[in-house]
Amino acid sequence: MKFFIDSADIADLKAAVATGLVDGVTTNPSLIAKSGRNFVDTVREICSFVEGPVSAEVTATDLDGMLAEGRALAAIADNIAVKVPLTWPGLRACKTLADEGCMVNVTLCFSANQALLAAKAGATFISPFVGRLDDVGTDGMELIREIRAIYDNYEALETEILAASIRHPLHVKDAAMAGADVATMPPNIFRQLIDHPLTDKGLAAFLADWQKTGQTIPRK
Ligand code: E4P
């Protein structure tokens, strides 16, 4: 499973990328607003230290506007994935941009039929929002399972399932078990993936016992 970081905070992204385990980044207009920075400058900077796909979202809602913004965003760097919303103009923009060779991430997916449409439109990624579905009392992870089952029925559909709106580490595990290709998560969730009290306790015990031996391991 690929790990993307869902953030526009440069310091957080650099810290996550330094682990060597980050495969890409997703941003959205809310995350850009939270950063307080210029959108294009921020995305360009992210692309300078992230090798994998970096999603940058259009804000136009009409086809021509989405195409114009999408082409401008794609020109920022080779690893830009243009993010478009799951609307009819968004799907048309997806198809055109994909035909032009752009990576496209279709966002705000809340149903399996929407995911099927995005795949037919040539999306590189489909982003089902697991947490927001949970928020309204439905099982967000069930949508990942449905999309996985549908995509697996048709070899021609190459769209990757990008589990989005991840709210806690359990979402990451469940998305991996459901067969999502990618999970995009906030930096704090990425950091929490490693946490287990028995790891800390076990390491403390090993080190205490090792100290009793009085030995040191030679270093090269
Ligand atoms: C994904 O690309 C979105 O930016 C993100 O996962 C949305 O998450 P939220 O529901 O926590 O805002």
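Indexing begins at 1, ligand by ligand and atom by atom, following the structure's order.
Salt-bridge annotation for Asp139 and Arg145: present, with a side-chain N of the basic residue lying under 4.0 Å from a carboxylate O of the acidic one.
Against a heavy-atom cut-off of under 4.0 Å, Arg132 is close to the following atoms of ligand 1: 7 (C), 9 (P), 10 (O), 12 (O). Set against the non-hydrogen atoms of Lys83, the atoms of ligand 1 under 4.0 Å away are 1 (C), 2 (O), 3 (C), 4 (O). Less than 4.0 angstrom separates some heavy atom of Ala164 from each of these atoms of ligand 1: 1 (C), 6 (O).
Counting protein heavy atoms only, atom 5 (C) of ligand 1 is closest to Asp6 OD2, 2.8 Å. At the top of the distance list for atom 8 (O) of ligand 1, counting protein heavy atoms only, stands Ser165 CA, 3.4 Å. Residue, atom and distance of the protein heavy atom nearest to atom 7 (C) of ligand 1 are Phe129 CE2, 3.6 Å.
Remark: the backbone N or O of Ile161 is paired with a side-chain donor or acceptor of Asp181 at under 3.5 angstrom.
In terms of heavy-atom proximity, Ile10 sits nearest to Thr42 at CD1-O, 4.3 Å. Phe190 approaches Leu21 most closely through the heavy-atom pair CZ-CB, 4.2 Å. Between Ser7 and Val25, the shortest heavy-atom contact is O-CG1, 3.7 Å. Closest approach of Ala56 and Ile80 over heavy atoms only: CB-CD1, 4.3 Å.
Ligand 1 has a nitrogen or oxygen under 3.5 angstrom from a nitrogen or oxygen of Arg167. Residue-to-ligand polar distances place Asn28 within reach of ligand 1: an N/O pair is separated by less than 3.5 Å. Considering backbone and side-chain N/O of Ser127, none are found under 3.5 Å from N/O of ligand 1.
Checked against ring-ring contact (aromatic ring centres under 6.0 Å, His included), Phe125 has the following partners two or more places apart in sequence or in another chain: Phe4.
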